[in-house]
Amino acid sequence: MLTGKKALIVGGDARYIELMKQLLLYDASVYAIGFDDAEEELTGVISITEQKVDHTTIDFVVLPISGVDEEGFVDTHFRRPSIQLSDEWFTSFSDDCTIFTGIMTPYLNQLSESSVAITALMNRDDLAIYNSIPTAEGAIMLGIQHTDVTLHDANVVVLGYGRVGKTIAKSFQGLGSHVSVYARSDADLARIYETHATPITYDQLLNAASTAHLMINTIPKLVVTPEVIQKLPTSCFILDLASKPGGVDFRFAKKRGIETMLAPSLPGLVAPKTAGKMLAHVIQMIIQDHE
Ligand code: NAP
């Protein structure tokens with residue numbers, strides 16, 4: 001339980017609505033900035049502005065999964081314009097206050113170097129693995145919508161075999177796709193082989209690309225290079241799940257007439273309730289462990 005704790009939610013998407021409901025169920029007091037245009041009634045949530053926060057009383061702050069951009073802006077799906085926060089705003093919380101973000105960004109890295117403690121939720125394997133489930137469901141949805149073949153029997157090339165890549169590969173295998181996975185470590189290639197998917201090195205990726213119906217990138221580095229795109233059939237759909245700016249040379253794909261999509265925050269889109277519950281569960285565990 002979070003009885004007596006004061007939570008401040010700053011921006012976020014639909015999963016944060018469920019997160020707030022769950023925090024109320026854990027008996028926390030919940031303050032929210034950036035939900036002015038939410039259609040759902042947020043009974044029990046206290047709506048405030050960033051200027052009105054009493055920093056000394058807040059026990060934990062939850063920033064959006066995407067964190068804070070270079071200029072201090074946070075993503076607000078339910079308020080326009082979005083919120084801009086300053087270094088001073090962050091440093092005004094007490095030393096005991098926990099600040100959660102989804103992922104670290106250069107702005108947050110710089111803040112944490114100047115002594116503001118920040119906890120990146122997606123650095124935790126448990127949450128990243130839970131989160132990979134709605135992400136894979138979203139990838140299936142987009143794969144169905146943007147290809148003209150069944151996923152059953154389709155050639156699906158997955159790049160990366162981390163928390164998201166593993167779930168994506170397994171989910172598409174379950175649908176009967178022929179799944180090839182590019183990974184750079186020998187251990188990952190062995191594990192991919194063990195799961196009956198086809199392990200591919202970078203050189204083999206060029207070959208696998210030539211028959212791909214769907215290419216799904218999970219690597220947050222430029223890996224879907226012009227060299228790879230050159231090999232793809234023009235009917236292939238490239239779905240980039242990696243955090244911004246993604247790992248695809250979008251310019252060259254467009255030049256070749258290949259459809260691409262950078263699709264961030266799929267859990268918030270396809271399963272905000274489940275994703276919000278997972279977030280609340282992990283935040284509650286972390287706060288209780290701190291005590
Ligand atoms: P992860 O567990 O850290 O996996 C990243 C994978 O990328 C690993 O297999 C890693 O290989 C590989 N990799 C990293 N740099 C590489 C490089 N230069 N060359 C080749 N491979 C490289 O991360 P994750 O949790 O799977 O998340 C993957 C990405 O998806 C992140 O950007 C995350 O923010 C994003 N994401 C998006 C959504 C969405 O809705 N779109 C949802 C969840 C996560 P090694 O193990 O060899 O380093």
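Values reported hereafter were calculated over all heavy atoms of this structure, with side chains retained and with hydrogens, waters and symmetry mates removed. Ligands are counted one by one from 1 in listed order, and the atoms in each one are counted from 1 as well. None of these values were measured; they are calculated from a predicted model.
- The 12-atom threshold is not exceeded at CG of Asp186, counting heavy atoms of other residues, nucleotides or ligands nearer than 6.0 Å.
- Side-chain atoms of Leu8 and Val10, non-hydrogen and from C-beta on, do get closer than 4.5 Å to each other.
- If you check which protein heavy atom lies closest to atom 18 (N) of ligand 1, you get Arg184 NH1, 3.4 Å.
- Put simply, the side chain of His213 gets close to the backbone of Asn155: a donor and an acceptor are under 3.5 Å apart.
- For atom 10 (C) of ligand 1, no protein heavy-atom neighbour is present inside the 4.0 Å cut-off.
- Residue contacts with ligand 1, taken as heavy atom pairs separated by less than 4.0 Å, do not involve Leu159 at all.
- At least one heavy atom of Tyr182 sits under 4.0 Å from some atom of ligand 1.
- Between Val62 and Phe60 there is a side-chain heavy-atom pair separated by less than 4.5 Å.
- Taking every heavy atom of Val164 and a limit of under 4.0 angstrom, the matching atoms of ligand 1 come to 24 (P), 25 (O), 26 (O), 27 (O), 43 (C), 44 (C).
- Put simply, the side chain of Tyr130 does not reach to within 4.5 Å of the side chain of Thr274, judged on heavy atoms.
- The option from Leu241, Ile168, Val158 that lies nearest to atom 38 (C) of ligand 1, judged by heavy atoms, is Leu241.
- Lys21 and Glu40 are joined by a salt bridge, as a carboxylate oxygen and a charged side-chain nitrogen come within less than 4.0 angstrom of each other.
- Close contacts between ligand 1 and Thr218 involve ligand atoms 28 (C), 29 (C) [criterion: under 4.0 Å to a heavy atom].
- Looking at Ser243 against ligand 1, both its backbone and its side chain come within 4.0 Å, counting heavy atoms.
- Inclusion of Gly162 in the set of residues having an N or O under 3.5 Å from an N or O of ligand 1 is warranted.
- Polar contact with ligand 1: absent for Lys221 (N/O pair, distance under 3.5 Å).
- The proximity of Ala183 to ligand 1, defined as any non-hydrogen pair under 4.0 Å, does not occur for either the backbone or the side chain.
- Residue Pro264 approaches ligand 1 through these ligand atoms, each under 4.0 Å from one of its heavy atoms: 40 (O), 41 (N).
- The backbone of Ala263, and not its side chain, has at least one atom closer than 4.0 Å to an atom of ligand 1 (non-hydrogen atoms only; backbone = N, CA, C, O).
- For atom 21 (N) of ligand 1, the closest non-hydrogen atom on the protein side is Ile219 CD1, 3.4 Å.
- Shown are Thr43, Ile48, Leu42; of these, the side-chain contact (heavy atoms from CB on, under 4.5 Å) with Val45 is made only by Leu42.
- The existence of a salt bridge linking Glu18 and Arg15 is excluded, since no basic side-chain nitrogen approaches an acidic carboxylate oxygen closer than 4.0 Å.
- Interface of Leu266 with ligand 1, defined as ligand atoms under 4.0 Å from a residue heavy atom, comprises 39 (C), 40 (O).
- Under 4.0 angstrom from ligand 1, the non-hydrogen atoms of Arg163 come from both its backbone and its side chain.
- The proximity of Thr135 to ligand 1, defined as any non-hydrogen pair under 4.0 Å, is limited to the side chain.
- Ligand-side atoms of ligand 1 in range of Pro267: 40 (O), range being under 4.0 angstrom from any heavy atom.
- Counted by atom type alone, Ser82 and Thr76 present zero donor-acceptor pairs between their side chains at under 3.5 Å.
- Checked against a 3.5 angstrom limit, the closest N/O atoms of Gly160 and ligand 1 fall outside it.
- Taking 4.0 Å as the cut-off between side-chain N and carboxylate O, Arg163 and Asp125 count as a salt-bridged pair.
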